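Counting starts at 1 for both ligands and their atoms, following the listed order. Here the structure is a predicted model, which is why all the values come from computation and not from measurement.
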Amino acid sequence: MTINRILEIIKKNNAEADLDLLRLVYDFAKEAHQGQKRTSGEEYIQHPLEVAYKLAEYKMDLATIMAGLLHDVPEETNKSLADIEKNFGIEVARLVEGITKLGKIKYRGLERYAENLRKMFMAIAEDVRVVFIKFADRIHNLKTLYALAPVKQQRIARESLDIYAPIANRLGMEEIKCELEDLSFPYVYPEEYKWVMEISKKRYVEQTKFIEKVSKIIRKELEDNSKFEFLNIAGRSKHYYSLYQKIIKKDMDIDKVYDLVALRIIVKNIDDCYRVLGYIHKLWAPLPGRIKDYIAQPKPNGYQSLHTTVFGPDGKITEFQIRTQKMHEEAEYGVAAHWLYKENALKENLKISQNKLKWIKELVNEQKDNQTAKKYLRALKLDFFKNRIFVFTPKGDVIDLPEGATPVDFAYHIHSDIGNKCAGVKINDKIATLSTPLKNSDVIEIIIDKNRAGPSEAWLSFVQTHAAKDKIRASLNKKSRLNIFKFFGK
Ligand code: MN
């Protein structure tokens with residue numbers, strides 16, 4: 001890897017970027033790491049270069065790429081964080097500091113796992129760019145994992161699979177998630193990896209042929225019948241680890257996995273998405289109930305596309321995903337997609353992204369008291385890795401909650417008093433029970449009973465959030481203490 005290759009990509013994506021500054025950062029990092037070698041035998045500077053390259057590829061802003069070049073300097077060289085700040089400013093220094101903090105994990109076993117997760121969440125809540133750098137760092141470390149001792153290989157690969165990939169997934173960064181998984185897979189499950197490679201080979205060739213055939217038909221149909229251009233049509237790329245997960249889900253029968261062929265069509269605008277859907281349905285009959293409009297109703301993580309499944313050529317069940325380029329970038333890069341646009345819009349985008357991630361901060365705050373690693377982990381994982389839904393107050397404020405949350409969760413999310421006095425609920429103007437699981441974009445109106453003594457113990461059996469559970473328990477405890485006082489006539 002060379003600095004020039006990085007500069008080239010940045011030039012393509014961001015004409016205004018200060019490339020001279022990046023060159024200075026490179027000279028600084030190179031000098032700091034002078035004479036150091038990686039365990040793989042390479043010059044050390046190759047590692048930060050690879051990290052910066054990945055970040056440039058993901059169209060990150062300049063400060064993030066600079067921090068990528070510098071990320072190992074405070075830990076591995078005799079230059080300090082203060083030197084970085086003096087030379088390149090506070091923003092870059094903060095990012096490097098964030099990375100350094102993430103790296104310091106002292107525990108072993110379960111404690112290590114919990115601490116690792118907590119640190120990642122803290123970093124996300126503070127500045128999500130730190131986590132992007134960490135992902136790029138981890139991806140290159142996984143690529144050179146062969147050079148390390150088996151114990152370290154296991155630890156790093158497992159950590160990537162158990163912590164980094166799920167977080168990337170949760171942030172909607174599909175591509176990074178798959179890369180982390182596929183690089184870790186052969187180390188964590190060597191036998192299974194070999195097996196998946198072997199059994200998928202032949203079917204993959206067949207599938208590629210089929211996809212070519214479908215592409216040809218649809219391409220011709222679109223070109224014959226309309227003037228609009230489409231940007232891309234492709235079979236979805238194969239990822240061995242997610243394929244392995246699918247095989248497990250399908251009772252270890254790979255034929256069931258390969259039953260379904262999936263193609264992705266990328267077009268210029270939303271109108272074209274619906275037009276393409278029409279053409280596909282004209283060519284092949286859709287399967288009932290399989291048309292999904294995630295453009296009109298995006299998934300909780302923001303995902304947008306049209307999905308349909310049809311009886312394709314030779315009667316083969318074929319799935320299509322139709323989306324615009326912007327939707328595609330959002331789907332692949334997740335929250336990182338907000339950096340894809342102009343540098344001067346960065347501050348605004350950063351604000352939006354950090355706002356989107358506000359709930360993580362609340363989550364970390366909620367859990368900050370000293371709980372045991374196991375309890376802490378369970379709570380964090382439950383709330384973090386569950387899908388989120390977005391619902392509205394009658395005034396139109398957006399509240400985000402974990403999937404399966406009920407009106408009581410909603411009420412306690414707004415305020416403890418609203419939760420404690422909650423007597424009923426209207427969902428989309430209709431009276432509903434307090435245990436009804438909420439759906440994306442529901443409008444929730446809590447009906448308050450000012451005379452209500454407090455929460456019902458029965459609520460504990462259906463609330464989903466830890467915040468609601470804790471507040472209900474707290475209120476019940478207080479009540480029972482009061483009753484005891486009454487009983488003793490105090
Ligand atoms: Mn590193």
Side-chain angles (χ1 to χ4, degrees), residues 1-3 5-6 22 25-58 60-81 83-85 87-88 92-106 112 115-116 119-120 122-124 126-149 151-165 167-168 173 176-177 179-180 183-184 187 336:
M1 182 55 59
T2 62
I3 186 68
R5 280 182 66 191
I6 298 171
L22 195 75
V25 172
Y26 168 68
D27 292 339
F28 179 91
K30 192 174 175 216
E31 206 193 304
H33 288 295
Q34 194 68 48
Q36 294 178 336
K37 290 236 194 301
R38 297 267 292 173
T39 321
S40 60
E42 281 178 310
E43 289 294 321
Y44 198 97
I45 190 68
Q46 279 303 311
H47 169 63
L49 277 173
E50 292 284 353
V51 171
Y53 183 81
K54 184 109 233 157
L55 292 166
E57 238 182 3
Y58 277 89
M60 295 288 156
D61 66 301
L62 202 63
T64 309
I65 299 170
M66 284 160 68
L69 277 174
L70 297 165
H71 79 272
D72 277 335
V73 163
E75 284 288 277
E76 305 286 338
T77 78
N78 51 24
K79 292 266 185 264
S80 68
L81 206 57
D83 295 326
I84 290 174
E85 189 182 333
N87 284 286
F88 306 115
V92 175
R94 283 244 171 87
L95 289 170
V96 175
E97 189 186 10
I99 286 290
T100 312
K101 271 200 235 156
L102 268 185
K104 284 183 189 150
I105 289 165
K106 46 182 184 237
R112 182 183 174 88
E115 154 122 323
N116 218 326
K119 285 200 161 166
M120 288 294 277
M122 298 286 275
I124 292 169
E126 235 154 72
D127 190 333
V128 71
R129 291 178 296 175
V130 168
V131 177
F132 302 155
I133 303 171
K134 190 66 199 173
F135 286 150
D137 178 45
R138 181 49 62 96
I139 284 169
H140 186 242
N141 284 340
L142 285 168
K143 281 182 182 163
T144 51
L145 207 55
Y146 59 84
L148 299 188
V151 178
K152 268 196 162 175
Q153 289 179 344
Q154 280 302 313
R155 177 176 65 68
I156 293 174
R158 201 164 256 297
E159 203 170 81
S160 307
L161 213 50
D162 291 347
I163 297 178
Y164 289 57
I167 290 179
M173 304 168 87
I176 287 189
K177 177 206 123 194
E179 203 169 358
L180 287 162
L183 288 167
S184 311
Y187 291 97

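With the Mn ion (ligand 1) as the vertex, NE2 of His71 and NE2 of His47 span 90° to the nearest 10°.
Remark: Lys37 engages Glu43 in a salt bridge, criterion side-chain N to carboxylate O under 4.0 Å.
Two residues are said to be in side-chain contact when any heavy atoms from C-beta on lie closer than 4.5 Å; Glu50 and Thr144 fail this criterion.
Backbone or side-chain N, O or S atoms of His140 do not reach the Mn ion (ligand 1) at under 2.8 Å.
Nearest N/O/S atom of Asp72 relative to the Mn ion (ligand 1): this is OD2. When you scan the N, O or S atoms of Asp137 for the one nearest the Mn ion (ligand 1), you land on OD1.
When atom types are taken as modelled, the side chain of Tyr146 and the backbone of Gln153 share no donor-acceptor pair closer than 3.5 angstrom.
Relative ring orientation between His33 and Tyr44 is described as parallel, the plane-to-plane angle staying below 30° on a 0-90° scale split at 30° and 60°.
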